[in-house]
Number of protein chains: 2
Amino acid sequence: MSVDSSPGMSSATADDIRRAALRLFATGGYEATTMREIAAAVGIRAASLYNHFGSKEDILWDLTSTALEDLNSESEASMATLSPDATPTEKLLTFVRAHIAYHAKNGEQATLVNMQMGGLSKSHHRKSVALRDRYESRLRSIMQEGVAAGVFHVPDERVASFAILQMGIAVSGWYRPEGNLSVPQLCDVYEILANRMVAA
Amino acid sequence: MSVDSSPGMSSATADDIRRAALRLFATGGYEATTMREIAAAVGIRAASLYNHFGSKEDILWDLTSTALEDLNSESEASMATLSPDATPTEKLLTFVRAHIAYHAKNGEQATLVNMQMGGLSKSHHRKSVALRDRYESRLRSIMQEGVAAGVFHVPDERVASFAILQMGIAVSGWYRPEGNLSVPQLCDVYEILANRMVAA
DNA sequence: TCTACTAACTAACGATAGTTAGTATAGGAT
DNA sequence: ATCCTATACTAACTATCGTTAGTTAGTAGA
């Protein structure tokens with residue numbers, strides 16, 4: 001028995017399972033998806049899934065934790081490109097650009113995180129919420145910094161943060177790369193909208 | 001056998017079932033909620049639910065269609081208060097105010113519509129999507145009118161519409177009436193944010 | 001060549017889901 | 001007083017779920 005389960009090393013079959021489960025969970029929901037459906041999408045039998053993952057919830061947790069860690073690390077990597085004396089506006093726009101880019105390029109992962117976290121065990125759910133909070137608090141800090149510096153003027157900094165986050169998260173629900181907007185163009189649009197929201 | 005099922009006339013027990021199912025579906029998800037759980041929340045046995053609704057999906061459809069019709073009718077009622085020569089800005093702010101008020105006051109209904117429509121039958125799902133599209137297209141029209149009149153300046157009117165819709169929908173996920181923001185205050189905040197998004 | 005391991009298979013288990021059948025009871029209308 | 005309807009109950013059915021057991025074919029290393 002091997003049961004990779006860890007998002008690090010993994011066989012080709014485990015990756016096939018991840019891909020199939022991600023698509024099925026995101027489109028049909030975690031509870032509504034059966035192990036037999038996942039197996040059929042991969043081309044094996046349901047019992048063989050247990051050679052790669054310990055349980056159905058293990059697959060969900062694998063996908064969820066990977067998605068949240070990717071989101072955090074891509075966001076942190078973007079922010080790290082800024083000079084230490086960047087203005088709050090520069091920080092905000094950089095955050096928004098990474099936020100939009102992730103949600104445009106990883107629609108299924110984002111959908112999973114935003115709609116299917118209820119399928120996780122209590123312990124995994126707690127860890128996921130912590131990762132999500134860590135991500136969201138980064139925007140809250142930027143917002144507070146801008147307000148304190150007098151360059152952002154928002155009626156309520158908590159509400160404004162949620163609004164910016166959520167309009168980006170929604171991108172994962174409708175954006176299609178084959179449409180008439182490229183990802184950089186989409187990021188441009190949201191940079192403008194976010195910038196207007198905080199400017200007096 | 002009576003099986004009211006229609007959102008019009010209904011017994012007190014049917015309303016109890018609606019309330020319990022709404023809460024359970026919204027918090028735990030449709031697929032993850034069992035008929036026995038709903039029944040227990042009402043204080044009856046699972047089989048007795050079938051005196052009031054034909055199936056589990058019937059309950060979901062009852063709640064979903066009611067929610068979408070309420071959303072549409074409240075929005076239309078708000079727009080009807082405007083004079084015929086109202087400006088695009090007045091129309092936008094009126095739409096946003098009703099949008100936010102509904103999502104603040106009806107968090108569970110909104111959550112249901114936004115996350116659990118996948119549990120509906122194909123036919124009911126089609127009707128729900130049509131109702132939702134009717135709602136969303138009203139904002140699109142306002143946006144187009146404002147852009148055509150030269151008073152709105154948005155980088156992409158489709159994206160801007162989605163952004164305004166979604167930042168309001170998200171309110172249903174976090175707003176609590178016992179917090180430090182009243183519904184009118186919350187509407188004020190979002191009026192400002194939406195107004196800024198379309199103003200050059 | 002023998003061995004150990006991976007990963008697939010078939011078959012089946014126990015639990016639980018939505019649902020139905022049949023029955024009992026209370027209250028209003030005739 | 002008696003029917004009738006509404007609504008509750010108990011009991012059970014059937015389907016399907018996630019999961020386990022036991023087995024087998026292929027493969028890399030000693």
Side-chain angles (χ1 to χ4, degrees), chain A residues 1-6 8-22 24-25 27-64 116 118-125, chain B residues 1-6 8-22 24-25 27-64 116 118-125:
Chain A
M1 187 191 344
S2 72
V3 189
D4 348 10
S5 183
S6 71
M9 195 52 191
S10 61
S11 74
T13 303
D15 278 341
D16 287 346
I17 294 169
R18 270 182 264 263
R19 261 188 297 275
L22 174 60
L24 290 167
F25 289 168
T27 59
Y30 171 72
E31 309 279 355
T33 301
T34 71
M35 293 296 266
R36 287 167 178 81
E37 285 180 283
I38 299 171
V42 174
I44 60 178
R45 305 286 174 180
S48 303
L49 295 172
Y50 292 84
N51 287 322
H52 303 277
F53 293 91
S55 69
K56 187 187 179 189
E57 196 261 357
D58 261 16
I59 304 178
L60 178 64
W61 167 240
D62 179 290
L63 296 170
T64 305
Q116 308 301 333
L120 290 170
S121 71
K122 198 161 292 188
S123 144
H124 286 157
H125 186 84
Chain B
M1 183 191 349
S2 72
V3 187
D4 356 1
S5 182
S6 71
M9 195 52 191
S10 61
S11 72
T13 304
D15 278 341
D16 287 346
I17 294 169
R18 271 181 263 264
R19 262 188 295 275
L22 175 60
L24 290 166
F25 289 168
T27 57
Y30 171 73
E31 308 280 355
T33 301
T34 71
M35 294 295 266
R36 286 166 177 83
E37 284 179 284
I38 298 170
V42 175
I44 60 178
R45 305 285 174 182
S48 303
L49 295 172
Y50 291 85
N51 289 322
H52 304 275
F53 293 91
S55 68
K56 187 188 179 189
E57 196 263 356
D58 262 15
I59 304 178
L60 178 62
W61 168 239
D62 180 289
L63 296 171
T64 305
Q116 308 300 333
L120 290 170
S121 72
K122 199 160 293 187
S123 145
H124 287 157
H125 186 83

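In the text below, chain A, chain B and the rest are named by the order of the sequence lines, each starting its count at 1.
- Between the side chain of B:Q116 and the backbone N or O of B:Y30, at least one donor-acceptor pair lies under 3.5 Å.
- Straight-line distance from the CD1 atom of B:I38 to the P atom of C:dG18: 8 Å, rounded to whole Å.
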Donor-acceptor contacts, no H, no angles, side chain residues 36-45 of chain A, under 3.5 Å, sequence neighbours left out:
| unit_1 | atom_1 | unit_2 | atom_2 | d |
| --- | --- | --- | --- | --- |
| A:E37 | OE1 | A:T34 | N | 2.9 |

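- Screening B:L63, B:T64, B:L60 for a side-chain contact (heavy atoms from CB on, under 4.5 Å) involving B:L22 leaves a single residue, B:L63.
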Do nucleotides 9-25 of chain D as a string where each nucleotide becomes B, S or -: B if the base has a protein heavy atom under 4.0 Å, S if just the sugar-phosphate does, - if no protein is that close. BBBB----SBBBB----

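- Judged purely by atom type and a 3.5 angstrom limit, B:E31 has no side-chain atom pairing as donor or acceptor with the backbone of A:G29.
- Using a 4.5 Å cut-off on side-chain heavy atoms (C-beta onward), B:R18 and B:D62 make contact.
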